[in-house]
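A quick note: this is a predicted structure, and the numbers were derived from the prediction, not measured.
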Amino acid sequence: MRADGPVWYPFTSMLHAPEPLHVVSGKGALLHTADGRSIIDAISSWWTNIHGHAHPYLQQKLHEQYGQLEHVIFAGFTHTPALRIASRLTEWCGPGFTKLFFSDNGSTAVEVALKMTLQYHSNTGSKRHRIVAFEHSYHGDTFGSMSVSARDAFTAAFHDKLFDVTFVSPPLPGQELKCLQQLTQAFEQQDVAAIIFEPLIMGAGGMLMYTPEALDAVISLAHQHQVLCIADEVMTGFYRTGKALAIHHLEHQPDIICLSKGITGGSMALGATVCTEAIFNAFYTEDKLKALYHGHSYTANPLACALANASLDLCLQPGFQASIDRIADKHHQFAAKLTSYGTGSEAVLTNLRQCGTVLAFDIKAAEKTGYFNSMRDRLYQYFIDRDILLRPLGNTLYIMPPYCISDTMLEMIYSGILSLCQELKTEASKT
Ligand SMILES: *Cc1c(COP(=O)(O)O)cnc(C)c1O
């Protein structure tokens, strides 16, 4: 009998799942377990954490808010934490973003964005109803967000229930023209309502990266064809790419931005869909049937909104951007050390890539030996045994730390990776 009894874990094949590590507390980039281990959270607890665990300022703000108001219906009623974070975040997103719709997580932020674009066209009497998305994309696990995500093994059981989407090649380096050609073909049908994309880094699809120039070309082409653009910044948002948002690297701006994960600093579930005045105006009419009929019981939960405000306070403090740049620089220097493992006939890694605070590469040995799955598990175990939480996507290893992580801890992660590379190299030379 397992100690975790009735709990059914996410993304886990339960039969042979090892007993999970029992975390009793966290501090900064560290997770402390019941059996006395301290583990470096090198993936920010599924890409959510930005200021570190159990941050005293977030704790204080949560405590204060609970003493005032923990929750209230968000229709016909409103409250200061929601008003405040909505006006601060829309401004933070950039010029043109004027409205924010609250929901509960990344998947619901995407659902709301899809509904906004589809209903925008229906409200304005256009016949556009088709969504375009990139191959290898991931936008969430609800049915709408699954529909716009890559059709892969994880969604296979539901494929006949997912709505029809046009998938095109993402504009990865070397594939930019192919992407634009496929988009042109799709847009010429004149039925496309919107395109959804993960800007600059495609996370769950394998930390695939592409350039701002490539995305600028996509957005510009979409806008020439009256196609709305949804930037799913659920993972890339809140400084992962080096700037506040990935779209801040661009000349052309999307019409809708989906935010979640880092929005509360990684402390509570909250989703937000930010849009332009033009989108909002299509719903701002005498016709009641043209309203956006979507909402959740915990919409704009005051505790979550207070934490989002507190997290944003920390992001706007002097020195915060410097901590982002520091991590990006450290990664860059480490990448230079890794290149020797990625060249020549003895190469053990490939596709070394970096965008801001995210560093990724693929383990080549996995392709050679063909034991893809056991390699993933082996990599995970290798680092956990060294008290480092890295959670590879197949044979893709990546680092995505909380920004409070010290240089010393970064060095510990790097040296773990170097010894792995050395081990793989030794193995390869024996076979
Ligand atoms: C994680 C993620 C989602 C889904 O967010 P949840 O909060 O897990 O529902 C959506 N889009 C992207 C790009 C993500 O990385």
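- Applying the side chain to side chain contact (heavy atoms under 4.5 Å, CB included) criterion to Glu411, with sequence neighbours excluded, gives Lys330, Tyr414.
- Listed by first and then second residue, the salt bridge (Lys or Arg N to Asp or Glu O under 4.0 Å) pairs that reach into residues 393-405 come to none, sequence neighbours excluded.
- Qualifying ring-ring contact (aromatic ring centres under 6.0 Å, His included) partners for Phe11, counting only residues two or more places apart in sequence or in other chains: Trp46.
- In this structure, the side-chain hydrogen bond (donor to acceptor under 3.5 Å, both in side chains) partners of Tyr57, at least two apart in sequence or on a different chain, are Asp313.
- Residues Arg130 and Val165 approach most closely at NH1-C, 3.9 Å, considering heavy atoms.
- Not a single ring-ring contact (aromatic ring centres under 6.0 Å, His included) links Phe167 to another residue, sequence neighbours left out.
- Looking at residues two or more places apart in sequence or on another chain, you find a ring-ring contact (aromatic ring centres under 6.0 Å, His included) between His71 and Tyr298.
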Kindly list each side-chain donor-acceptor pair under 3.5 angstrom involving residues 100-110, sequence neighbours excluded, with atom names and distances?
from   : atom 1 : to     : atom 2 : distance (Å)
Ser103 : OG     : Thr108 : OG1    : 2.8
Ser103 : OG     : Ala109 : N      : 3.3
Asn105 : OD1    : Ser107 : N      : 3.0
Asn105 : OD1    : Thr108 : N      : 2.9
Asn105 : OD1    : Thr108 : OG1    : 3.4
Ser107 : OG     : Asp141 : N      : 3.2
Thr108 : OG1    : Asp104 : N      : 3.1
Thr108 : OG1    : Asn105 : N      : 2.9
Thr108 : OG1    : Asn105 : O      : 2.9

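- Within the structure, ring-ring contact (aromatic ring centres under 6.0 Å, His included) pairs that include any residue of residues 176-227 comprise Phe187-His225 (at least two apart or interchain).
- For Arg353, the salt bridge (Lys or Arg N to Asp or Glu O under 4.0 Å) partners two or more places apart in sequence, or in a different chain, are Asp362.
- By the ring-ring contact (aromatic ring centres under 6.0 Å, His included) test, His22 pairs with no residue at all, sequence neighbours left out.
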Cut-off 3.5 Å, no hydrogens considered: what does the side-chain donor-acceptor table look like for residues 321-329, sequence neighbours left out?
from   : atom 1 : to     : atom 2 : distance (Å)
Gln321 : NE2    : Gly242 : O      : 2.9
Gln321 : NE2    : Asp325 : OD1    : 3.0
Ser323 : OG     : Phe320 : O      : 2.6
Arg326 : NH1    : Ile405 : O      : 2.9
Arg326 : NH1    : Asp407 : OD1    : 2.7
Arg326 : NH2    : Tyr403 : O      : 3.2
Arg326 : NH2    : Ile405 : O      : 2.6

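- In this structure, the side chain of Asp216 does not engage the main chain of Leu250 through any donor-acceptor pair within 3.5 Å.
- Residues meeting the salt bridge (Lys or Arg N to Asp or Glu O under 4.0 Å) test with Asp152, sequence neighbours left out: none.
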